[in-house]
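Here is the structure we will look at.
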Amino acid sequence: MQSHPFSQSGQSAESIQSRPIAAVILLIGGSVLLVLSAALSIAVGAADISLATVWESIVHFNPDLTSHQVIHQLRIPRVIAGALTGAAFATAGALMQGMTRNPIADSGLLGINAGSGLLLAICFAFFPGMSFVHLLFFSFIGAALAAGIVFGAGSMVKGGLTPVRLVLAGAAVSALMLAISEAIAIHYNVGQELAFWYAGGMQGVQWAQVKIIAPWILGSIAIAILISRSITLLSLGEDIATGLGQRTGLVKAVGALLILILAGASVSIVGAVGFVGLIIPHVSRYLVGVDYRWIIPCSAVLGSLLVVLADIGARMFNPFAETPLGALIAVIGVPFFLYLAMNERREL
Amino acid sequence: MSSSIAESVESARRKRAFSVMTILFALIVIVFIISMDTGELKLTPHEVLNTLLGKGDAKQELILFQFRLPRMVMSLLVGAAFAVSGCILQGVTRNVLAEPGILGINAGAGLVVVLFISVVPVSGTIFLLPLLALLGAGGTAALIFSLSYRRNHGISTIRMLLVGIAVAAGISATMLVLTLRLNPEQFKFVQVWLAGSIWGTDWRFVLALVPWLVVLLPLVFVKARVLDVMNLGDLTARGLGAALSRERLIMYASAVGLAGAAVAVGGAIGFVGLIGPHVARRLVGPQHPYLLPASALAGALLLIISDTFARLYNIPTGIVVAVLGAPYFLYLLMRTKGQN
């Protein structure tokens with residue numbers, strides 16, 4: 001069966017290497033750009049605020065000024081949420097692609113998007129008017145449930161959890177949950193509400209949510225970087241990893257848990273913005289080579305950058321009726337990714 | 001000695017494949033008979049038989065010949081077309097997740113449908129939709145091909161998968177923005193279409209679909225061995241003398257033709273294309289001469305069962321496909337040992 005969709009066997013020697021220098025430049029340059037765009041993101045919006053005011057509100061916060069209040073209560077949590085979720089989606093995608101060795105795999109394949117969508121559909125249909133915090137909670141429960149089924153079904157087999165089984169089980173469970181939520185959405189007429197949620201956006205993100213997700217996301221990214229060496233070995237193939245003394249079962253279990261936390265938390269905040277997890281790891285791999293010790297941190301930085309930029313765009317187009325974040329990410333990401341893809345020289 | 005072992009393995013395989021296909025075919029016939037009796041207006045088997053023999057009353061004839069049969073035949077054809085298309089794509093790309101969606105077929109057809117619906121009232125000239133959907137599907141596939149084509153290299157598989165992701169994502173984003181602006185009635189129509197509902201329930205649509213299958217299915221079945229060779233990897237395939245670029249293009253084009261025609265009348269029932277071939281592979285093994293026809297039968301069976309339920313409960317067929325197909329697929333996945 002076709003089980004090695006992304007094997008590097010056909011690559012020419014020079015492209016197999018990782019490029020640490022490029023990676024360091026990317027990390028530093030990306031972080032600088034991220035800070036700049038975060039500042040810009042705080043400044044633009046329905047009420048434009050000058051960068052000087054932004055700076056002032058951070059160093060000399062004055063609660064009497066409306067602009068300072070806007071910055072502290074609305075803009076800063078929003079930009080932090082954007083950076084966190086972007087990093088989380090991208091890291092989760094990189095882990096997924098590394099673990100399954102499949103270039104068209106993203107974190108949604110663990111059933112995360114579909115599971116969270118299903119519980120949201122149920123909430124919208126049977127408990128309309130549920131509070132945002134509860135929706136967040138149920139969305140995460142749905143993600144965990146689906147990921148649990150995917151991982152459980154994939155590993156309860158003779159022969160264990162192979163990457164192929166994981167992606168196939170993921171595709172099947174995702175399709176099943178998606179179908180059920182579609183049926184609910186059509187039957188109870190909540191499709192458009194669900195679509196709005198799914199379209200992604202960060203209106204109304206508050207400190208409370210940022211405080212809940214931040215430790216989880218940052219912690220998971222740190223662990224992801226710690227196990228990145230094992231992910232690199234896994235990406236060379238299960239046999240090679242085992243031969244080199246990897247405990248592949250353990251690595252995959254930890255990886256799946258990280259993906260669940262990262263993507264589950266992000267989906268519950270911004271909706272199913274799947275594209276970040278799909279393209280950013282490819283972009284990173286293209287720029288820094290095949291070593292996940294570099295791919296994972298670079299993906300995190302680039303993912304943050306993409307989402308923060310897209311969120312600026314979402315407010316600039318039409319400040320009062322925000323454009324869906326997912327759509328803007330595609331506007332920025334698709335041409336760039338297309339360019340990289342067209343130059344792809346690898347063969348299978 | 002060794003060749004006789006190989007021969008006996010081959011003959012055992014052939015026997016198994018034929019028995020699996022016979023069972024699938026028998027199941028299709030049984031479901032077809034049950035399905036003819038089922039619907040909002042129930043007909044007894046006796047009435048169905050009478051009507052088929054031309055002895056039914058006008059109402060029974062209308063129900064059976066004008067409503068039920070075209071839709072059933074349509075679902076058989078659509079199921080077979082999607083499944084074979086998916087089987088080809090999984091073979092050529094050697095990627096287990098490949099299905100007609102990676103060629104942008106669903107996205108392209110969906111975009112055209114959304115555009116059309118947002119301009120023309122839902123009750124308007126709906127019969128134009130299949131044609132437009134076909135154009136959208138074909139256009140997107142052509143775009144993906146041309147972007148992943150490089151002179152002297154032809155179409156590389158990985159480039160095509162990546163370009164496919166990008167194009168489909170771009171189109172989905174556009175669709176998202178458009179669908180959020182639709183009014184609830186339009187939105188519901190699009191949603192039902194995207195969920196996959198066999199709605200070309202008219203003999204004219206059946207007739208429009210048949211030529212695609214009549215031409216493409218035999219072509220693909222004849223070329224089945226090429227897919228086996230491709231599965232060995234590019235270098236080996238070239239070494240065995242396959243004109244890789246050209247064969248690949250023929251295969252992709254056939255997959256587009258089959259799925260594009262199917263998506264036009266059946267909506268985005270993409271899951272059949274993913275799961276049909278996998279189910280078939282778990283039943284008959286990975287040799288394409290058996291796998292392709294078995295996929296066609298599995299896809300047709302899955303879709304006619306699903307469509308029977310869909311008609312009974314009035315929900316989009318694609319939803320039933322996933323609800324029935326996914327658990328069965330998971331069961332197969334857990335039961336069979338990995339063949340990889």
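Throughout, a chain's letter reflects where its sequence line sits, starting with A, and its residues are numbered from 1. Note: hydrogens, waters and symmetry copies are ignored here, and every other heavy atom, side chains too, is used.
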If one checks every heavy atom of L147(B) against chain A at 4.5 Å, the contacting part turns out to be both
Okay, I186(A) and chain B: the region with an atom under 4.5 Å from a heavy atom over there is both
When rounded to the nearest 0.5 Å, the distance separating CD1 of I315(B) from NE2 of H187(A) is 9.0 Å
Note: vs chain B, highest number of non-hydrogen pairs under 4.5 angstrom among L328(A), V334(A), I279(A), I180(A) is V334(A)
So CD1 of I319(B) and CG of L176(A): to nearest 0.5 Å the spacing works out to 11.5 Å
Applying a strict 4.5 Å limit to non-hydrogen atoms, the region of T179(B) in contact with chain A is backbone
Between F271(B) and A175(A), the two heavy atoms sitting closest are CE1-CB, 3.3 Å
Nearest heavy-atom approach of A326(B) to A172(A) is CB-O, 3.4 Å
Greatest number of non-hydrogen atom pairs under 4.5 angstrom with chain A, of A166(B), G318(B), A169(B), falls to A166(B)
Of all heavy-atom pairs linking V323(B) and A179(A), the shortest is CG2-CB, 4.1 Å
